[in-house]
Protein chains: 2
Amino acid sequence: MENSSGQKKFATIKDYILSQVETAAWPEHSRIPSENELATQFSVSRMTARRALQELTEQGVLYRTQGVGSFVASPKSQSSLLEIRNIADEIQHRGHFHKAELVQLTSLPCPGVVATALGLSRNAPVFFSLIVHYENQQPLQLEARYVNPQQVPDYLAQDFVLQTPHEYLSAVAPLTDAEHIVEAVLPDELTRQHLKIPASEPCLRLTRRTFSRGGAVSFAYLTSAGSRYRLGGHLSIKPKT
Amino acid sequence: MENSSGQKKFATIKDYILSQVETAAWPEHSRIPSENELATQFSVSRMTARRALQELTEQGVLYRTQGVGSFVASPKSQSSLLEIRNIADEIQHRGHFHKAELVQLTSLPCPGVVATALGLSRNAPVFFSLIVHYENQQPLQLEARYVNPQQVPDYLAQDFVLQTPHEYLSAVAPLTDAEHIVEAVLPDELTRQHLKIPASEPCLRLTRRTFSRGGAVSFAYLTSAGSRYRLGGHLSIKPKT
DNA sequence: CCGAACAACTTGTATATACAACTAAATTCA
DNA sequence: TGAATTTAGTTGTATATACAAGTTGTTCGG
């Protein structure tokens with residue numbers, strides 16, 4: 001099943017193609033050998049050659065069009081990805097104790113920014129929750145969240161000490177998309193108080209907008225003390241588009 | 001080739017499995033029918049059933065172990081991904097003008113932190129570059145980068161005004177992995193000067209470690225003024241692990 | 001000259017088959 | 001009892017084949 005080099009056959013073909021792409025022997029958007037040509041060249045079946053092409057397509061190295069051929073994708077806009085996990089998972093993953101304190105849970109007239117984000121009318125009623133997340137009794141993150149009442153009518157009836165808004169929303173309106181903005185800001189008075197930090201301490205603010213099948217679901221500001229929180233992770237590279 | 005519902009057969013099986021998983025009829029980590037069982041149940045070949053399982057595994061819905069079976073992955077740790085693009089691309093994508101100013105380019109004894117990150121000995125020679133990135137003549141980001149001399153011996157001979165380190169490194173040592181940490185910090189004196197910001201302005205600091213086939217390539221601090229820079233993006237959701 | 005039909009080639013889906021690699025449980029044997 | 005072996009079941013790799021579906025260029029007919 002393996003060839004002389006101890007590799008799987010489809011892997012050999014993948015390596016070959018990758019080397020051609022990386023050395024730019026096969027330039028961007030150029031057509032590469034067809035399944036049948038590769039099969040002949042490497043003395044394998046078409047299905048095996050196909051698998052190599054298939055996997056490289058999933059990895060974003062190639063793109064293919066039925067009836068036309070396989071082409072080299074543009075490796076230009078290679079971008080890395082940063083994983084964003086929810087705070088409760090992260091704390092528990094570190095083996096620490098997570099606690100949520102509910103400060104406010106109410107309906108209020110929708111501010112302009114939020115109206116735009118959620119596709120509501122200005123001053124239309126919107127649900128709002130303010131929660132402080134603790135890691136081992138130390139305040140870590142302030143979560144200010146606006147929720148679309150049309151999508152999640154029972155939001156105000158939940159107990160967010162037992163279940164985080166993220167968990168509840170995931171269950172009620174499985175999210176299909178999310179938008180994030182990460183910024184460094186100085187804390188406002190409210191944040192200062194709840195996180196118990198000095199006014200000069202920089203904070204990491206994650207602005208997060210989530211969508212479900214039906215449209216925009218929630219809009220949240222997740223603010224953490226810079227000295228206590230970092231956003232981090234490890235991810236492999238994916239060339240895109 | 002298609003069944004009565006006008007769907008591809010492997011898609012029918014995927015939908016079936018997904019429905020079982022979503023309704024929790026098949027709970028987390030439970031074993032699901034084998035390839036052969038699904039093949040019989042849906043009157044398709046094993047290869048077709050296999051494809052359904054395969055694709056769901058790639059999507060993170062299932063995990064499989066050779067010799068054991070296929071299992072439902074935990075949808076819990078659903079995490080979103082934030083795209084991190086390099087600064088020059090981002091500026092140009094906004095239609096603005098990018099300029100790089102080289103402050104320093106030298107070899108120096110490796111600091112402890114960097115030695116650990118790059119797998120070098122402490123005080124062993126390491127290449128270092130300090131570059132200010134401008135957007136429309138305004139300083140936006142300070143890039144302090146340490147480079148592994150074994151991986152990139154010609155680093156010091158480059159002209160980083162013409163080509164950013166990121167571009168050069170991508171060409172010389174195609175990166176296979178990257179690690180990121182995002183933090184909110186107050187600027188040190190050096191950063192303050194080069195970005196021309198007050199000491200009280202919070203900064204977004206991206207610590208980035210990149211790897212190529214041969215191992216760790218570079219370790220960089222990318223610091224930007226909070227008022228001028230945000231990390232943002234839109235990405236669809238992927239369940240993981 | 002133009003359009004329709006055709007031919008050649010591409011990728012996409014599906015089947016049937018074989019064997020390899022691996023795991024876990026049952027069985028055998030000392 | 002306990003360790004080695006067998007066995008049954010699972011996923012993984014690979015092949016050969018067939019036809020569907022889509023694209024592109026050529027040929028043919030008007």
Side-chain angles (χ1 to χ4, degrees), chain A residues 1-18 20-21 26-74 241, chain B residues 1-18 20-21 26-74 241:
Chain A
M1 177 157 37
E2 293 180 356
N3 58 20
S4 56
S5 63
Q7 246 195 140
K8 325 261 164 152
K9 291 186 178 179
F10 71 87
T12 307
I13 302 179
K14 280 180 72 173
D15 286 349
Y16 167 70
I17 296 174
L18 268 178
Q20 299 299 308
V21 171
W26 293 349
E28 247 175 89
H29 302 297
S30 64
R31 182 154 165 224
I32 76 168
S34 71
E35 298 178 352
N36 281 316
E37 287 168 341
L38 286 171
T40 304
Q41 190 176 333
F42 285 88
S43 306
V44 298
S45 76
R46 184 195 145 203
M47 293 309 283
T48 301
R50 177 178 176 74
R51 174 164 177 186
L53 293 170
Q54 202 86 321
E55 294 192 359
L56 288 173
T57 303
E58 277 153 24
Q59 290 172 32
V61 177
L62 306 176
Y63 61 92
R64 324 183 68 199
T65 314
Q66 185 172 6
V68 183
S70 304
F71 306 86
V72 179
S74 44
T241 326
Chain B
M1 175 159 37
E2 293 179 358
N3 58 18
S4 55
S5 63
Q7 244 196 142
K8 323 264 161 131
K9 291 187 177 178
F10 71 86
T12 307
I13 302 178
K14 280 179 72 173
D15 287 348
Y16 167 70
I17 297 174
L18 268 178
Q20 299 299 310
V21 171
W26 293 349
E28 247 176 86
H29 302 298
S30 65
R31 179 151 168 226
I32 75 169
S34 72
E35 296 179 354
N36 281 317
E37 286 167 343
L38 285 170
T40 305
Q41 189 176 333
F42 285 87
S43 304
V44 299
S45 76
R46 184 194 146 202
M47 293 309 283
T48 302
R50 177 179 177 75
R51 176 165 174 186
L53 293 170
Q54 202 86 323
E55 293 192 1
L56 288 172
T57 302
E58 277 153 23
Q59 290 171 32
V61 178
L62 306 177
Y63 62 90
R64 323 182 71 199
T65 313
Q66 184 171 7
V68 183
S70 304
F71 306 86
V72 178
S74 47
T241 323

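Numbered from 1 within each chain, the chains take letters A, B, ... in sequence-line order.
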Distance col, row A:T57:OG1 vs A:Q54:CD, nearest 0.5 angstrom, shows 6.0 Å
A:E55 CD to D:dA14 P, in whole Å, measures 10 Å
In whole angstrom, give the distance that lies between atom CZ of A:R51 and atom C1' of C:dG12.
-> 17 Å
Got a second to check how far A:L53's CG is from A:E58's CD, nearest 0.5 Å?
-> 11.5 Å
Using whole Å, report how far CZ of B:R31 lies from P of C:dT23.
-> 14 Å
Nearest whole angstrom, please: distance from the C1' of D:dG12 to the NZ of A:K9.
-> 14 Å
For residues 38-47 of chain A, which residues have at least one heavy atom under 4.0 Å from DNA chain C?
-> A:R46, A:M47
Identify, with sequence neighbours excluded, every residue that meets ring pair (Phe, Tyr, Trp, His ring centres under 6.0 Å) alongside B:F71.
-> B:Y63
Using nucleotides 4-7 of chain D, report all nitrogen or oxygen pairs with the protein that are shorter than 3.5 Å.
none

Looking only at non-hydrogen atoms, find the nearest pair between B:P27 and B:S30 and report the distance.
-> O-OG, 2.5 Å
After noting the C-alpha distance and the side-chain angles of A:I17 and A:L38, does the key distance pass the side chain to side chain contact (heavy atoms under 4.5 Å, CB included) rule?
-> CA-CA 10 Å; A:I17 296 174; A:L38 286 171; 4.0 Å; yes
List every contact pair, protein side and nucleotides 22-26 of chain D side both N or O, where the distance is under 3.5 Å.
{"residue": "D:dG22", "atom": "N2", "partner": "A:G67", "partner atom": "O", "Å": "3.4"}

Value in whole Å for how far the C1' atom of D:dT13 lies from CD of A:Q54 = 16 Å
Looking only at side-chain atoms of B:F10, point me to the closest of C:dT13, D:dA14, D:dG12.
-> C:dT13
Assign A:R50 to base, sugar-phosphate, or nothing according to its heavy-atom contacts below 4.0 angstrom with the strands shown.
-> base
d(B:Q20 CD, B:W26 CH2) to nearest 0.5 Å is 5.0 Å
Within the pair A:K8 and C:dA20, is there a side-chain N or O less than 4.0 Å away from OP1 or OP2?
-> no
The reported gap from NZ in A:K8 to CG in A:D15 (rounded to nearest 0.5 angstrom) is 13.0 Å
Can you tell me how far P of C:dT11 sits from CD of A:E37, to the nearest Å?
-> 8 Å
So CD1 of A:I13 and CD of A:E35: to nearest 0.5 Å the spacing works out to 10.5 Å
Residues in side-chain hydrogen bond (donor to acceptor under 3.5 Å, both in side chains) with B:S45, at least two apart?
-> B:T48
Kindly say if B:R64 contacts the phosphate of D:dG12, meaning a side-chain N or O under 4.0 Å from OP1 or OP2.
-> yes
Considering just the side-chain nitrogens and oxygens of A:S70, establish if one lies under 4.0 Å of OP1 or OP2 belonging to C:dT10.
-> no
Value in whole Å for how far the P atom of C:dA8 lies from CD of A:E35 = 20 Å
How long is the gap from CZ on A:F42 to CZ on A:F10, to the nearest 0.5 Å?
-> 13.5 Å
What is the distance from CZ of A:F71 to C1' of C:dC9, rounded to the nearest Å?
-> 12 Å
Residues two or more places apart in sequence or in another chain: which of them pass side-chain hydrogen bond (donor to acceptor under 3.5 Å, both in side chains) with A:E55?
-> A:K14, A:R51
Residue whose nearest DNA chain C nucleotide is more 5′ - B:A49 or A:N36 = A:N36
Smallest separation among heavy atoms of B:G60 and B:A73, with atom names | O-CB, 3.3 Å
State whether B:T48 places a side-chain N or O below 4.0 Å from either non-bridging phosphate oxygen (OP1 or OP2) of C:dT15.
-> yes
